[in-house]
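In each ligand, atom 1 is the first atom listed, and ligand 1 is the first ligand listed. All values reported here derive from a predicted model rather than from experimental measurement.
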Amino acid sequence: MASVSQLGYVGIGTGDEKAWHELATNILGMQVIPGDDRSTSYLRMDECHHRLELRSNGSDDLEFVGWEVPDPATLQRVAQQLEDGGVKVTPGTRDDADDRRVVDLFTCVDPNGIPTEVFCGRPVNQQPFHPARPMSGFKTGGMGLGHILVYSASLDESVRFYRDLLGFRVSDFTEVRTPERKIRLAFLHCNPRHHSIALLEAPGPKRINHVMFECNSLDDVGSGRDLCLRRGVPIGIDLGRHMNDHVVSFYMGNPSNFALEYGWNGRTIDDTTWQVEHYTSVDSLWGHPQLRELVTGPASQER
Ligand code: FE
C-alpha cells in the first residue's frame, strides 16, 4: 500500500506570535522566517524552508498537519486510498501549494477534525541552517520534524485512518486502566522514527497535546532545560526517558498553552523485524514525574 513518509510540517494558530518567536529562538534554537503577510511566519529547524507555520489567528491550537510523500505518483495513490476508504479529498490549488512552499498537495480531514494535508516536493533552503542559540541542531531529514500527540474521540477510527488509509504502521498500543476508566493510546510510524503520530483516546482541551523535536545531542536538551528555568518557561513534565520510544526528554509550555517535548536519542524501527508492542502503563524508564497525570488525570495519581 502507498504510504506517507514523514511529518513534513505543522501549522499552529497563535494569539502571541512574538512570544512564539522568542521561545523558538532563545530556547528551542530555531530560526524565524518572515511570512508573505504580517499574520504568518515560519520556524526553520533544518534544510527545509520551514517545519512550523505560525498564524496570528488566536486559535492557540493545531491548525493543520502536513504529511510528505516521496513523489507525485505516491500522492495520487494515497489520495485514491483515502477516497476508496470514504474520505473526502480536495486537490490543492497552485496558491495552496505556493503558500506551503511545496510542489503539490491535497487536503482532507482526519477523524478527529484535524485538517490534514498530504504533499510532495518540498524545496530546500539554499542557506545552511544555523541554530538561533548554541546547540547542535535537530534530527529530522527523512524522519520528519518529530512527532505529534493528538486527542482522539475514537482510537479505532483514527487507527483505521492513519494505518489503513495513510499507510502508517503501528509501533505500539498502550492501555491504562484506572478505577474510573480505560485509557487507550496508539503510536504509529511512517519511517524509522518510533512514532510520528500518537493518538490519545480522551477528550482534550485542544486538538494537540504536544509536538516533539529531537535534538542531536543530550547537551541540547540539558541546556534547553537550563534556559527554561532561567527564563521562566514552565516545565510541565521534567526530564525522563520514555519506555516505548526511549527518548530522553522534558516538556515545556508554549504561548499557545500546549506542550513541546524537547528530546534526544529516540529509538528507531526496522519494519522487517518490528513486533507491535503492548503497554499497560505510560510510566517512563526513569523520570518524567508528571507524565501519568498528563494521560490519566490527577485523580489517578496514586495508582
Ligand atoms: Fe512525545
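The distance from the Fe ion (ligand 1) to the nearest N/O/S atom of His242 is not under 2.8 Å. With 2.8 Å as the limit, His195 does not count as an N, O or S neighbour of the Fe ion (ligand 1). At a cut-off of 2.8 Å, Asp245 does not coordinate the Fe ion (ligand 1) through any N, O or S atom.
Between His194 and Trp274, the ring planes lie perpendicular to each other; the angle is over 60°, past the 30° to 60° tilted range.
Aromatic ring centres of Phe119 and Tyr9: separated by under 6.0 Å.
Considering CG of Asp60 and CG of Asn254, their distance stands at 8.0 Å, rounded to 0.5 Å.
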Ring pair (Phe, Tyr, Trp, His ring centres under 6.0 Å) between Trp264 and Phe213, intermediate numbers included: CA-CA 8 Å; Trp264 166 75; Phe213 308 113; over 10 Å; no

Evaluate salt bridge (Lys or Arg N to Asp or Glu O under 4.0 Å) for Asp71 paired with Arg77, printing each intermediate quantity in order. CA-CA 10 Å; Asp71 51 51; Arg77 287 167 62 206; over 6 Å; no

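When rounded to 10 degrees, the angle formed at the Fe ion (ligand 1) by NE2 (His147) and NE2 (His210) equals 100°.
Nearest N/O/S atom of Glu261 relative to the Fe ion (ligand 1): this is OE1.
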